[in-house]
Amino acid sequence: METKFNFKRFRRLRYNPIIRDMVRETELSKNDFIYPLFVLPGKKVKNPVKSMPGVFQYSIDTLVEECKEVRDLGIPAIILFGIPEHKDEQGSEAYDPNGIVQKAIRAIKQEVKDLLVITDVCLCEYTSHGHCGLIDGEEILNDETIALLAKEAVSHIEAGADMVAPSDMMDGRVFAIRKALDYKGYTKIPIMSYAAKYSSGYYGPFRDAAESSPAFGDRKSHQMDIGNINEALREVEADIEEGADIVMVKPAGPYLDVIKKVKEKFGMPTAAYQVSGEYSMIKAAAQNDWIDEERVMIESLTSIKRAGADIILTYFAKDAARWIDRNGR
Ligand code: PBG
Ligand code: ZN
C-alpha cells in the first residue's frame, strides 16, 4: 500500500488533552512571579486602588499579613513601593532609615520567613513634584539624582531588603548603586535594573496606587521612546556593564519583541513588568463580561514567558498562583 506524506497532520497532537499537556512548550511556574505591594503610614489600612481592582494600599500591619498570604501561596518574592508621610523637593523619605519602606522591610523580615523582599528604588513617590529625580526648574538632574538613589538603595538593604530594583532610568545609576552597596560591604546583594523602561501610557493606574504623578511635565527625558528597540539593547548592555544582575523590560505585553531580543542577545536573567495598565485593562474588560478573566490572565502571562522572560512582575501573581494550584502546574 502506498503511503503519502504530502501534508502534515498537526492535529494529531491536539485531540488528546494529555498529549496536549505533554507537548506544551511554555509553562508558567510560581517561581516566575514577583508580586508588587504598596505600603503607607497608618494602622489597619487596606485602601482599594480604584483603577486597579484587587490591588490595595496597605499599612505595615496589614502588609505583613498580606506577605504571609503571598508566601503561603508559594510566590517567592514581592517588590515594595512606598507612599511616604511627607513629600519634599529632595524626596528625603526615600533614603530615611525610618522611612515607610525601611520600616516595612524590618517588619516583614521580622515576621515573614522565606519571602524575598525586593524594593523599587526611585524618587517619584517621595518628591513633592512627583519627578523621579531632583529638579532644577523644569530639568530633571542626573548626577545629583543618582547619588540619592545610591543612598536610597543602601538604606533599603540596611533595613534588611534582599535585592534592589532601580526604576528611575537615570544614566549611571546601576554603577552608582553597585559602588555604594559594595563600599558598605553588601557585595552579595543583587541589582535588578529596570533596564529598558518605556515612557508608557500603561503606567496610569500605578500613579493612583503610588500617588506619584508628576506635578508638571512628563518622564520623556529619562524613560525610553516607545518606538525604539536598538536603544533598548544599548540601555540593557550599559546596565549589565555597570553591574546589573537581572535586567528588566517594562511594560511587558506591548513590548514582547524587546523581551525576546534582550533575552536572545544577552542571555541574562530577564524580568518583565506586566504593568498596572495591562492589568487594569484585563480587569475592566472582565468586569464587563467581555472577556474571560482567567483565560486572558494566563494567556498574557504565558506570552510574556514565551517571549523570553524568566521573571514576571505582575499584579496577577496571587490569582495566577491559585490557578497553578488548581491546574497542577
Ligand atoms: C516608578 C515606577 C513606576 C512604575 C514602577 N516604578 C511608574 C512610573 O515610572 O511612572 C510603574 C508600574 C506600573 O505601572 O505598574 N518610577
Ligand atoms: Zn520614578
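Both ligands and their constituent atoms are indexed starting at 1 by order of listing. One is the number of the first residue; the rest follow in order along the sequence.
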What protein N/O/S atoms are there under 2.8 Å from the Zn ion (ligand 2), waters excluded? Cys122 SG, Cys124 SG, Cys132 SG

Could you tell me if any non-hydrogen atom of Tyr279 lies under 4.0 Å from any atom of ligand 1? no

Is the contact between Ser167 and ligand 1 made by the side chain, the backbone, both, or neither, using heavy atoms and a 4.0 Å cut-off? both

Would you kindly say whether Gln57 and Glu211 are connected by a side-chain donor-acceptor distance under 3.5 Å? yes

Is there any N or O on Glu125 that sits under 3.5 Å from an N or O of ligand 1? no

Tell me whether Lys250 reaches ligand 1 (any heavy atom closer than 4.0 angstrom to a ligand atom). yes

Looking only at protein heavy atoms, what sits closest to atom 9 (O) of ligand 1 is Lys197 NZ, 2.7 Å

State whether a side-chain donor-acceptor pair under 3.5 Å links Ser92 with Asp88. yes

Enumerate the atoms of ligand 1 whose separation from the nearest heavy atom of Tyr273 is less than 4.0 angstrom. 12 (C), 15 (O)

Does Tyr203 have Lys250 sitting over its ring (NZ/CZ under 6.0 Å from centre, angle to axis within 45°)? yes

Within the 4.0 Å heavy-atom cut-off, what Ser276 brings close to ligand 1 is both

re atom 15 (O) of ligand 1, the protein heavy-atom contact at minimum distance is Tyr315 OH, 2.6 Å

Aromatic ring centroids of His156 and Tyr95 under 6.0 Å? no

For Cys124, atoms of ligand 1 separated by under 4.0 Å from a heavy atom: 1 (C), 16 (N)

Could you check whether Ser167 and Asp120, counting side-chain N and O atoms only, form a donor-acceptor pair closer than 3.5 Å? yes

Find all atoms of ligand 1 within a distance of less than 4.0 Å from any non-hydrogen atom belonging to Gln223, and give their numbers and elements. 8 (C), 9 (O)

I'd like to know if Lys68 pairs up with Asp72 as an ion pair, taking the criterion as any Lys NZ or Arg NE/NH1/NH2 lying under 4.0 Å from an Asp or Glu carboxylate oxygen. no

Residue among Glu278, Gln274, Arg295 satisfying side-chain hydrogen bond (donor to acceptor under 3.5 Å, both in side chains) with Ser300: Gln274

Is Asp168 close to ligand 1, meaning an N/O of one under 3.5 Å from an N/O of the other? no

Within 45° cone and under 6.0 Å: Lys87 NZ/CZ vs Tyr126 ring: no

Sidechain-backbone polar pair: Ser303 side chain, Leu301 backbone, donor-acceptor under 3.5 Å: no

Using the six-membered ring wherever Trp is involved, compare the ring planes of Tyr273 and Tyr194 and label them parallel, tilted or perpendicular (cut-offs 30° and 60°). tilted

With a 6.0 Å cut-off on the ring centroids, do Phe56 and Phe38 count as close? no

